Amino acid sequence: MDTRFLSASDALPTMATHTGVLVPSPRDAAVELPGQPDAGRLDRRIEDHGLIGNLRTAALVNRTGSVDWMCVPRFDSPAVFANLLGSEEHGVWAFGPVGLGGATPEVNRQRYLDGTLVLESTWLTPAGTVQILDFMPIGDETAQLVRIARGISGCVPMRSLFRARPGYGRSVPRVVAEGARARVELGDGRLWLDAPVPVRAENGDLAAEFKLSEGETVAFSLSWQPGTDVPPVPNTSRLLGSTQRFWRDWISRSTYVGSDRDAVERSLITLKALQYEPTGAFVAAPTTSLPEEIGGARNWDYRFAWLRDSALIVDTLLDCGGYIEEARLWIDWLQRVIDGRPECLQIMYGVGGETELTEMELDWLPGFAESGPVRIGNGAAGQLQIDVYGEVVDVLFKAQLHDPGLAPAVTSLVTGLVACLETLFEQPDMGIWEIRGPRRHFVHSKIMAWVAFDRAIQLVSAGHGDGPVERWRRIRDELHQEVCERGYDPERNTFTQSYGSTELDAALLHIVTSGFLPPSDPRITGTVEAIQRELSTQGGFLLRYPTEGTDPGVDGLPGDEGAFLICMGWLITALSAIGRHEEAGIFKDQLLQIRNHLGLLAEEWDAAAGRQLGNFPQGFSHVGVPMAAAATTSPAVTRQNVVIPS
C-alpha cells in the first residue's frame, strides 16, 4: 500500500486558512453516533460534507466521518444512506474514533489529497491521532467505497456502524455476517462489507469495534453487486493507488494558467465527478431536496442530466484544458437521446437517457433540517425552456472549434435543433429558472434563441453543412430588434426579466458573454448596475430574481431562497467586460471565500446566516469558479469566433 501521504510526518502539515483545503473544524461540539439521540440534526450544515465519487454515483462524507448520502448503483438510484435528509435511522455509515460518552468528535482537519477526489480526515483525540482515507475506486462497473484508517500515534478506540436502509431509508434489510465478510440484501442486488476485524449483525446493522495503534492500518470496503453473484474481496491498496493515479492524470491535462489555480482545479475535479461515465451525461448535482431555504419547500431532485447545466459544464472543461473526450462523450449521449427527433427534445433526462422523471414526495423523510418535502423525480422535465437551445448550440459550436473532427456530428445536431427552434422561439416559456407559474416571454430565453440562430449561421457559413442561412439571419436580426424594443426599459436603462415586466433577472448578465451586444453599449452597463442595485444581497451576492415571501412570486412558488452562486460568476465576468476590474476581483475573492473547507459549493448562499443552501455540490456553482478566475486574470471577455452582428 502506498503510505506516502499517511506517514506521521505528513499527518499534521501547516494549516492554510485561505485556500479552503486545510481548515480545522470551527466547532468543538461532538456529534452523536447512530443509535443515540441526534440532538444536533437541526444545526447541521450542508457544507459540512465532502464529496467522493466513481463517475457512476457519489457519496457525501460528514465532518464526523459518517457517510450521510449514497445511492447505488447510479446517481439517481434510491439512496441506501439517507441520513442527509432525515436521521441516522434512515441509513448512515459511521466510521471514526469513539470520544467521551461514546460520541464521535468532528475532525480536526479534512482535506483532499492533492489533485484527487480522495478525502483525508484527521482526528486528534486524547488517546492519539488517527487518519481516515475515503474514496470510490474508478473503472469498476460496480459501486465501491473504501475507508482506510491508520493510527498515527497512541492507541485510539474506533467504531464502524454500517446501517444501510434501502429505498431512501424506508426498509430495514436482512444482513448476514460471516467472518471477515458481511452482506446486505437489497432485493435487486447486495452490498458486501469486507473488514479485517470481526463484524457482527444486529437489528439490520453491521457493527464493529477495534483499537488502532500507531503504524496500524485497517481497511473497510463496501461493494455493490447486482443479483447474487459474489464479488472478489477488494485489494484496497491497489485501488487506492489506481484512484489517485486516475485523478492526478486527469487534472494534469488542465491547461488553465490563470489566477487561483488550486480553486479552479478543485472545481474542475468536482465537475468531472458529476459525469456518468457509461453514457457521458452530467448530473446537475448528486443530491435531492437539499433546501433553498431552511424550513422552506423549494426542494428539488437534481440527480438528472439537464441539457443547460451539461452544456455549461462542457464549455468550462473545454475552456480549461484538453478535455475533448468529455465533450465527445456528452455529444454522443446527446445524439442518442435526441435519436434523430429534435422536435421531441426534453430539457433534462436520466443519465441513461430516460425520459420519464415522474416527480413524487417521500413522506417518511423529514428533509434536511426539517425542510420538507423530500422529492424524487422532477416535473420540470416536461417544460418548454427555449434558452436550452442557445446553451446547447453554443457549446456544440465551440466544441468543433476545439476539435474540427466533431464538425459533422455537431452540424447535424445544430441544424436539427435550430429547425425546431424556428417553430418555438416566438412562444412564451418557463425560462432558465423553470418557473412553475404562467409562461412568459423571458428576455434571457429570447437572447439565447438569438445565440442559437447566430451560431448556426456561422457554422453553415463556414461550409460545415447546409441550412437556410438567409432565413435564419432574418429571424436572428428581427429577434434582436424585438428584444431591444420589448425587453428593455429605457427609463431605467436596463433589460428586464420578461417582455412588459419591471422585474429584473440575473440571467440577463448573459447579454455580455453571448455577443448579443458589445460590452461598450450603455445598455449593458445599465443592466449590470440595475441588477446589482436591485438583486444584491449582503456581500454582493445576487438573487436570481425577486421572490415574495409567503406569497407566490413570478415563479409560482411561495417562500424565498438564497443568492444563486453561478450568478456571481456571471456578474464578475460582466464587471470585467465593462472595465470594472478591481470590483470584479473583489467579488471573485468573495466567491472563493464562501467555499467550504474542501473548496466545494452548493447551489446558493444565505448571506444573513452565513451558510450554503441547495443541492451539493452544484455543477452550476462550480462552473462559476473558473469563470470568475478567468475573467479576473484576463479582463477582456473573449469568445472564440463569436461574431457580433452590426
Side-chain angles (χ1 to χ4, degrees), residues 281-282 284 298 300-302 304-312 333-334 337-350 353-359 375 377-396 413-456 472 475-476 478-480 482-483 486-487 495-501 503 505-508 510-511 514 516 544-545 552-557 564 620:
F282 289 89
R298 293 169 178 257
W300 314 106
D301 193 346
Y302 278 15
F304 304 116
W306 270 258
L307 298 189
R308 175 192 305 108
D309 300 51
S310 301
L312 293 179
W333 173 82
L334 183 63
V337 298
I338 291 178
D339 192 26
R341 298 182 301 159
E343 69 278 2
C344 299
L345 187 75
Q346 290 188 184
I347 60 101
M348 72 173 90
Y349 297 85
E354 296 82 3
T355 57
E356 295 296 325
L357 307 178
T358 304
E359 186 175 302
R375 296 182 175 95
N378 201 304
Q383 289 188 352
L384 174 63
Q385 299 175 17
I386 291 172
D387 71 289
V388 167
Y389 290 85
E391 279 107 5
V392 170
V393 169
D394 192 35
V395 77
L396 291 174
L413 283 168
V414 167
T415 54
L417 290 170
V418 173
C420 290
L421 185 58
E422 285 190 70
T423 68
L424 299 172
F425 77 94
E426 294 179 298
Q427 297 183 30
D429 72 336
M430 280 80 165
I432 183 174
W433 308 128
E434 48 200 37
I435 64 166
R436 300 207 171 191
R439 291 187 182 186
R440 296 169 182 253
H441 289 283
F442 285 102
V443 173
H444 173 262
S445 293
K446 304 301 185 184
I447 290 170
M448 296 312 295
W450 178 92
V451 168
F453 286 113
D454 180 73
R455 306 309 188 257
W472 288 347
I475 292 172
R476 181 195 64 180
E478 290 175 352
L479 187 53
H480 193 280
E482 177 185 289
V483 169
R486 300 184 61 191
F495 287 91
T496 58
Q497 184 180 52
S498 60
Y499 289 172
S501 72
E503 293 90 356
D505 192 317
L508 294 169
H510 261 116
I511 296 176
S514 66
F516 186 83
R544 295 185 288 180
Y545 49 82
V554 65
D555 57 13
L557 298 167
F564 209 77
F620 253 9

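Predicted model only: the values in this text are computed from it and were never measured.
Between the CG atom in Leu421 and the CD1 atom in Ile475 there is a gap of 8.0 Å [rounded to 0.5 Å]. Rounding to the nearest 0.5 Å places CZ of Arg486 at 11.5 Å from OG of Ser501. Note: Tyr545 OH to Gln497 CD = 8.0 Å, rounded to the nearest 0.5 Å. Rounding to the nearest 0.5 Å places CE of Met448 at 4.0 Å from CD of Glu391. Considering CH2 of Trp450 and CD1 of Ile511, their distance stands at 11.0 Å, rounded to 0.5 Å. Here the CG atom belonging to Leu479 is positioned 11.0 Å from the CG atom belonging to Asp454, to the nearest 0.5 angstrom.
Taking 4.5 Å as the limit, every side-chain heavy atom of Phe442 sits out of range of all side-chain heavy atoms of Pro428. In this structure, the side chains of Glu426 and His441 stay at 4.5 Å or more apart for every pair of heavy atoms. Proximity of Trp472 to Glu422: side-chain heavy atoms (C-beta onward) are separated by under 4.5 Å at one or more points. Counting heavy atoms from C-beta on, the side chains of Asp505 and Trp433 come closer than 4.5 Å. Taking 4.5 Å as the limit, some side-chain heavy atom of Arg308 sits within range of a side-chain heavy atom of Ile432. Between Val451 and Tyr389, every side-chain heavy-atom pair lies at or beyond the 4.5 Å cut-off. A heavy-atom distance below 4.5 Å is not found between the side chains of Trp306 and Phe282. You'll find the side chain of Lys446 reaches within 4.5 Å of the side chain of Tyr499, heavy atoms only.
Scanning both residues, Val443 and Leu508, for their nearest heavy atoms gives CG1-CD2, 3.6 Å. Pairing each heavy atom of Cys420 with each of Pro342, the nearest pair is SG-C, 3.3 Å. Contact detail for Ala452 and Gly390: the closest heavy-atom pair is CB-CA, 4.0 Å. Between Ser445 and Gly431 the shortest heavy-atom distance is OG-CA, 3.6 Å. Residue Ala311 comes nearest to Val395 through the heavy atom pair O-CG2, 3.4 Å, listed as atom of the first residue, atom of the second, then distance. Across every non-hydrogen atom of Val337 and Gly353, the tightest pair is CG1-CA, 3.6 Å.
Side chain of Asp309 to main chain of Ala284: no donor-acceptor pair is present (N/O by atom type, distance under 3.5 Å, no hydrogens or angles). Between the side chain of Asp339 and the main chain of Arg341, no donor-acceptor pair closer than 3.5 Å is present.
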Side-chain atoms of residues 343-350: list all donor-acceptor pairs with protein atoms under 3.5 Å, sequence neighbours left out, distances to 0.1 Å.
from   : atom 1 : to     : atom 2 : distance (Å)
Gln346 : NE2    : Met348 : O      : 2.9
Gln346 : NE2    : Thr355 : O      : 3.4
Tyr349 : OH     : Gln346 : N      : 2.8

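Under 4.0 Å is where a charged nitrogen must lie from a carboxylate oxygen, and between Arg455 and Asp394 at least one such pair does. Checked for salt-bridge contact, Arg439 and Glu434 miss the test: no charged N lies under 4.0 Å from a carboxylate O.
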Side chain to side chain contact (heavy atoms under 4.5 Å, CB included) assessment of Asp301 paired with Glu359: CA-CA 9 Å; Asp301 193 346; Glu359 186 175 302; over 6 Å; no
Audit row: Leu413, Val393, side chain to side chain contact (heavy atoms under 4.5 Å, CB included) steps and yes/no: CA-CA 8 Å; Leu413 283 168; Val393 169; over 6 Å; no
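No cation-pi contact links Arg476 to Phe453, judged by a cut-off of 6.0 Å to the six-membered ring centre and 45° from its axis.
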